[in-house]
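Scroll down for the structure; my scribbles are underneath it.
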Amino acid sequence: MIRVESVLGSRADAALHDAIHHLEHHGEVEFVGVAPADLDRRRLLARTDGGEEVAIALPRDQKLYDGAVLVLDDHRAVIVRAGAQRWLRAKPASASDALELGYHAGNLHWRVRFDGADLLVALEGPADTYAARIDPMVSAGRVMLSEESE
Amino acid sequence: MNMQPGVSISSSSRVGAARIGIGGPVGSGKTALIECLIPAFAKRGVSLAIVTNDLVTAEDAERIRRSGLIDPARVAAVEAGACPHTVIREDPTLNIAAADELEARFSDVELILIESGGDNLASTFSLDLVDWWMFVIDVAGGGDIPRKNGPGVLKCDLLVVNKTDLAPHVGVDLARMERDSAKARAGRPLVLTNCRAGQGIDAIVDQILAKVLFR
């Protein structure tokens with residue numbers, strides 16, 4: 001088991017880039033897949049794509065992110081690869097529908113962001129469980145839904 | 001430190017105690033569960049501190065302080081004042097401050113249990129506050145609770161179905177409640193407990209040791 005107690009930096013950092021690039025040429029870079037919902041955790045048990053277990057315990061002022069370098073030595077690098085965030089795009093048919101949609105999103109504590117007149121809901125589970133919460137609006141054609149990822 | 005020669009990056013911060021949340025409806029047995037967990041963790045050599053949340057009193061904290069199970073100074077009380085879920089999710093500042101203070105006062109603390117005020121099935125914890133959290137429901141609250149698919153039941157790291165001993169007295173089919181819970185959890189962890197008899201407590205401790213303390 002690899003124990004990690006700090007993020008060394010981003011793989012894009014100039015100070016780390018050359019060393020990682022060198023290890024990549026020798027096939028000595030491993031990745032740890034982390035689901036988007038788990039990126040906020042300070043403690044996490046994960047596994048590299050090489051199969052080794054990684055026990056991550058970070059200080060409270062540090063966070064995981066895509067490209068976070070967890071291990072870097074002469075022999076290997078271990079880097080976080082964040083899973084793609086899935087979004088549910090909700091397109092309201094009118095301003096009043098947008099108001100009602102916004103109310104529901106707030107009441108349901110959904111994580112959202114805005115894209116023009118559309119509301120994007122961060123999905124942490126099946127899209128249909130989110131759609132079910134606003135089914136009267138969807139069924140009446142007052143909100144159109146589509147799923148996308150980034 | 002795992003570093004490439006010539007690469008110099010340092011972090012001045014340190015890894016503190018692990019923090020776990022214990023949420024669930026009013027009366028589901030969260031405080032009783034903590035009273036079982038304290039000696040169970042002591043047996044495994046884990047140094048604990050506890051934060052309790054109540055609406056406008058410090059009743060749960062006082063109960064644990066008077067239990068004789070733990071140094072009363074290691075128990076802090078947060079009075080939520082309003083919605084209990086607000087102080088564990090939307091703005092957990094009070095709880096973070098309480099945990100920080102316990103950690104500063106007791107440098108050996110390895111694990112801080114943060115008990116939410118009794119809430120409803122929609123309550124969840126912010127991962128800014130805790131590293132891992134469990135949600136406690138109970139048999140006497142109704143065998144249909146797992147089928148309601150509340151976010152607390154679905155999203156927690158461990159679902160605890162408590163008071164299994166009461167099933168025959170409240171007309172609940174425990175086997176069905178367990179099946180419904182497993183279905184709602186879709187393969188994620190679930191433990192049945194009877195705090196009066198200490199059943200299921202070691203299974204919870206095992207989960208926390210493995211997934212949070214990495215032992």
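Every chain is numbered from 1 and lettered A, B, ... according to where its sequence line falls, protein lines coming before strand lines. When reading the values below, keep in mind they use all heavy atoms of this one structure, side chains included, and skip hydrogens, waters and symmetry mates.
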Need one label for [X]: side chain, backbone, both or neither, based on atoms under 4.5 Å from any heavy atom in chain B.
X	result
A/Ala37	backbone
A/Glu53	neither
A/Ile56	backbone
A/Ile20	neither

Side chain, backbone, both or neither: which part of B/Ala122 has a non-hydrogen atom closer than 4.5 Å to chain A?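 Contact with chain A involves no heavy atom of B/Ala122 at all.
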
Chain A heavy atoms under 4.5 Å from B/Arg89: which part of the residue, side chain, backbone, both or neither?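 Only the side chain of B/Arg89 comes within 4.5 Å of chain A.
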
Given side chains that start at C-beta, do those of A/His109 and B/Glu90 come closer than 4.5 Å, heavy atoms only? yes

Any side-chain heavy-atom pair of A/Arg43 and B/Leu213 under 4.5 Å: yes

Would you say CZ of B/Arg176 has more than 12 non-hydrogen atoms from neighbouring residues, nucleotides or ligands within 6.0 angstrom? no

More than 12 heavy atoms from other groups under 6.0 Å of CD on B/Glu59: no

Quick one: list whatever passes ring pair (Phe, Tyr, Trp, His ring centres under 6.0 Å) with A/His104, sequence neighbours left out. none

All ring pair (Phe, Tyr, Trp, His ring centres under 6.0 Å) counterparts of B/Trp133, not counting sequence neighbours: B/Phe125

Lys/Arg-Asp/Glu bridge criterion (N-O < 4.0 Å) met for B/Asp131, A/Arg60: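 Salt bridge present between B/Asp131 and A/Arg60.
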
Are B/Asp128 and A/Arg41 ion-paired here, with the side-chain N under 4.0 Å from a carboxylate O?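 So B/Asp128 does not pair with A/Arg41 through a salt bridge.
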
Residue by residue, scan residues 94-117 of chain B and write down, ordered by number, those that have a heavy-atom distance under 4.5 Å to chain A; if none do, write 'none'. none

To the nearest 0.5 Å, tell me how far A/Leu45 CG sits from B/Trp132 CH2.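 Result: 12.5 Å between the selected atoms.
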
Do you know which two heavy atoms are closest between B/Val15 and A/Leu58, and how far apart they sit?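 Minimum heavy-atom contact is CG2-C, 4.1 Å.
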
Donor-acceptor contacts, no H, no angles, side chain residues 138-154 of chain B, under 3.5 Å, sequence neighbours left out:
unit_1, atom_1, unit_2, atom_2, d
B/Asp138, OD2, B/Ala140, N, 3.0
B/Asp138, OD2, B/Gly141, N, 3.1
B/Arg147, NH1, B/Asp180, OD2, 2.7

